[in-house]
There are 2 protein chains.
Amino acid sequence: MTIRLAVAGVRHPHIDTIIAEAGHHDDVELVGIAEGDRELRGSYTARYGVRGYDDHAQLLDSGTADVIAVGDVYSARGAIVADALRSGHHVLADKPLCTTRADLDAIHAAWRGGDRLLSIAFEKRFYASTLALSEVLAQAELGEITMVTATGPHKLTRHRRPDWMFDAASYGGILNDLTVHDIDLLLHLTGVSSGQVRGHAGNRGNTDRPGFEDHGLAVVETDGGPIAALDAHWLSPEAAPYHGDYRMRLVGTGGTADVLWKDDELVVATHERSPRDVPLPPRRRAAADFVDALRAGREPSVTASDALAATSVALAAQESARAGRPVTWDIAGYLPGSGGAPLDRPTSRRTP
Amino acid sequence: MTIRLAVAGVRHPHIDTIIAEAGHHDDVELVGIAEGDRELRGSYTARYGVRGYDDHAQLLDSGTADVIAVGDVYSARGAIVADALRSGHHVLADKPLCTTRADLDAIHAAWRGGDRLLSIAFEKRFYASTLALSEVLAQAELGEITMVTATGPHKLTRHRRPDWMFDAASYGGILNDLTVHDIDLLLHLTGVSSGQVRGHAGNRGNTDRPGFEDHGLAVVETDGGPIAALDAHWLSPEAAPYHGDYRMRLVGTGGTADVLWKDDELVVATHERSPRDVPLPPRRRAAADFVDALRAGREPSVTASDALAATSVALAAQESARAGRPVTWDIAGYLPGSGGAPLDRPTSRRTP
């Protein structure tokens with residue numbers, strides 16, 4: 001059976017990775033691209049030889065696709081994802097999934113209303129050193145994880161960035177865009193489900209674009225779990241051969257793990273064993289995992305719960321940065337078997 | 001002229017580094033050691049062939065010393081430092097300087113009352129990569145510093161630690177003990193003078209000693225300067241060949257600097273220039289700098305203002321961790337030429 005993949009929005013080059021996935025599988029076919037920008041749409045439809053649509057509603061109505069890959073302007077994504085789920089499509093979104101809590105609630109309601117798969121292409125989950133880290137944590141060699149620190153430097157290369165990225169409303173903030181990766185890993189790797197987050201965001205190097213945040217920090221307190229300090233910025237040195245020296249350190253009661261993504265390396269040291277480079281499995285692709293899940297009728301590795309939960313905490317961090325106060329977070333309502341609490345009561349509220 | 005050095009308290013092995021300084025100079029003479037613990041006192045006085053004193057008051061009264069090096073139990077240090085200054089001695093303290101704000105105020109008053117030198121032996125200031133970093137920052141190659149992150153892992157080697165380190169009152173907390181290094185560097189390298197700090201501290205790996213904090217994080221917001229996330233812990237892997245892989249990253253609007261203290265390395269990358277290992281000057285010794293300052297009649301590199309300021313912010317971080325709230329900090333009153341504001345109004349107060 002062929003999996004028919006269509007794309008809603010090609011405003012960020014991440015979407016190219018998902019489009020490219022069709023080339024890796026005989027049974028995955030790219031069937032259409034919806035994009036409001038006529039020039040951009042023309043360039044993509046010509047390159048891939050597929051039909052173009054003016055907007056995502058036309059694409060969904062066409063009934064030609066099984067899976068919608070979402071790569072529109074960030075603030076437009078929430079409505080597309082919810083519409084796609086409601087009209088019976090599976091959804092693989094680029095990150096971020098959406099930019100507001102109202103969007104997230106709508107996506108959650110649409111997803112719970114059907115039987116479609118929903119995922120975010122969190123590539124970082126599938127890097128070789130991340131996969132190896134999951135194995136190390138499963139062995140409990142590090143004991144209880146006590147602190148997690150991560151840094152997410154990104155090159156801005158400003159002349160190549162579209163205008164909408166510098167607008168707070170369409171971009172949605174740096175913590176929601178970049179820190180969401182490390183928030184996802186924190187939740188996924190440690191199993192924490194509630195706590196408080198204090199977000200910080202600012203602009204020092206791009207003050208002529210006051211709506212833009214070029215650096216941020218989220219301090220995530222977790223009930224019964226580690227404390228995490230996760231930073232991100234758009235100030236990664238442009239002359240460097242790498243996009244960003246992004247890394248994560250986990251400190252456990254039994255030892256430490258350093259995930260050096262730039263160098264594809266995982267270094268583990270414990271109280272019993274001297275530091276060692278952990279052998280890495282092959283890297284996987286987020287979109288490939290999603291295709292495999294569709295074929296097998298299983299959940300993708302980044303489950304809908306994972307996607308909703310990470311987005312929820314990232315939005316809480318962003319809200320905290322705006323309010324200048326910590327915000328309580330609780331992902332229980334997104335977890336399988338939950339009663340849907342996030343729709344019935346606010347999950348993110350300011351602390352008294 | 002001979003500089004007569006005496007020691008008050010030998011409860012932490014850091015003091016050995018200061019004692020050893022006498023061996024490096026023909027004109028520095030170790031003249032006495034005050035220590036309440038009879039066995040410890042005997043072992044030190046025998047090793048160095050100097051007179052022992054039961055307590056610091058006897059040592060100060062003897063009039064035999066010019067400089068008092070302070071290495072007592074942390075909570076005992078404040079009184080010793082203030083007494084030593086008041087009785088006309090110069091003071092070089094191991095860190096932390098003291099454990100309470102009342103102590104700090106007393107030290108400040110004693111120091112302002114005389115003409116003696118006061119410093120903390122912040123060794124990290126004198127590491128080769130730190131010295132090189134100061135030079136890089138002076139060139140303004142990194143632009144405006146926007147974020148500072150630092151990690152301070154330490155091996156606990158618990159069986160070798162004295163009991164008083166596990167008692168909250170005598171130890172004074174992990175942020176005051178360990179994070180004070182990176183707070184000093186933050187203040188020294190960026191010139192910030194006020195802001196807010198949110199401290200976090202906890203115990204996950206040593207819960208049978210509930211008064212002990214085995215990990216902590218201080219998030220320092222600075223008015224008009226960078227945001228800093230400074231962590232520290234006592235969970236550094238015991239089987240590693242290093243005491244701790246402590247490092248600092250500075251992110252500026254023009255580039256980044258990674259200070260890798262464990263490997264004696266400074267890596268700088270900018271928007272114009274690819275990453276490079278910066279050539280390092282020779283390492284210096286904190287106590288040697290203090291001796292040089294005494295001889296030259298100048299302030300030591302870690303000035304009294306620096307010592308008071310870093311301690312003040314570290315105590316604010318510790319207070320914040322206890323209160324679960326951010327605490328405002330302001331070092332203006334400690335800076336040269338200030339009107340002594342910290343004694344007249346609280347510098348550390350909870351935010352409304």
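What's counted below: heavy atoms across the whole structure, side chains too, no hydrogens, waters or symmetry copies. A, B, ... follow the sequence lines: proteins, then strands. Residue 1 opens every chain.
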* Asked: Between B:Asp214 and B:Arg204, is there a side-chain N and carboxylate O pair less than 4.0 Å apart?
  -> no
* Asked: Does the side chain of B:Tyr127 come under 3.5 Å of the side chain of B:Asp264 through a donor N or O and an acceptor N or O?
  -> no
* Taking atom types as modelled, find out whether A:Thr157 and A:Glu238 have a side-chain donor-acceptor pair closer than 3.5 angstrom. => yes
* To do: Go through the atoms of B:Arg273 and report whether side chain, backbone, both or neither lie under 4.5 Å from a heavy atom of chain A.
  => backbone
* Structure fact -> With chain B, the option among A:Gly143, A:Gly225, A:Gly205 that has the most non-hydrogen atom pairs under 4.5 Å is A:Gly225
* Asked: Do A:Asp258 and A:Arg247 sit within salt-bridge range, that is, some charged N less than 4.0 Å from a carboxylate O?
  -> no
* **Option that, when pairs with chain B are counted at under 4.5 Å, heavy atom only, ranks first among A:Glu221, A:Lys155, A:Glu272** => A:Glu221
* Structure fact -> Per side-chain hydrogen bond (donor to acceptor under 3.5 Å, both in side chains), B:Lys95 is matched among B:Thr311, B:Asp184, B:Asp177 by B:Asp177
* Name the orientation class of the two ring planes belonging to A:Trp234 and A:Phe212 (parallel below 30°, tilted from 30 to 60°, perpendicular beyond 60°). => tilted
* Let me know if A:Asn206 has heavy atoms under 4.5 Å from chain B in its side chain, its backbone, both or neither. => neither
* Structure fact -> A:Thr99 and A:Tyr171 have their tightest heavy-atom pair at CG2-O, 3.8 Å
* So which part of A:Thr270 gets closer than 4.5 Å to some heavy atom of chain B, the side chain, the backbone, both or neither? -> backbone
* Select one option (side chain, backbone, both, neither) describing which atoms of A:Leu235 are under 4.5 Å from chain B's heavy atoms. => both
* Region of A:Ala257 that comes under 4.5 Å of a non-hydrogen atom in chain B -> neither
* Heavy-atom distance under 4.5 Å to chain A: side chain of B:Ala201, backbone, both or neither? -> neither
* Structure fact -> Of the listed A:Ala240, A:Pro153, A:Gly202, A:Pro226, the one with the largest count of heavy-atom pairs under 4.5 Å with chain B is A:Ala240
* Would a line drawn from the ring center of B:His233 to the ring center of B:His154 be shorter than 6.0 Å? -> no
* Part of B:Leu156 lying under 4.5 Å from any heavy atom of chain A -> neither
* Structure fact -> Okay, A:Ser236 and chain B: the region with an atom under 4.5 Å from a heavy atom over there is backbone
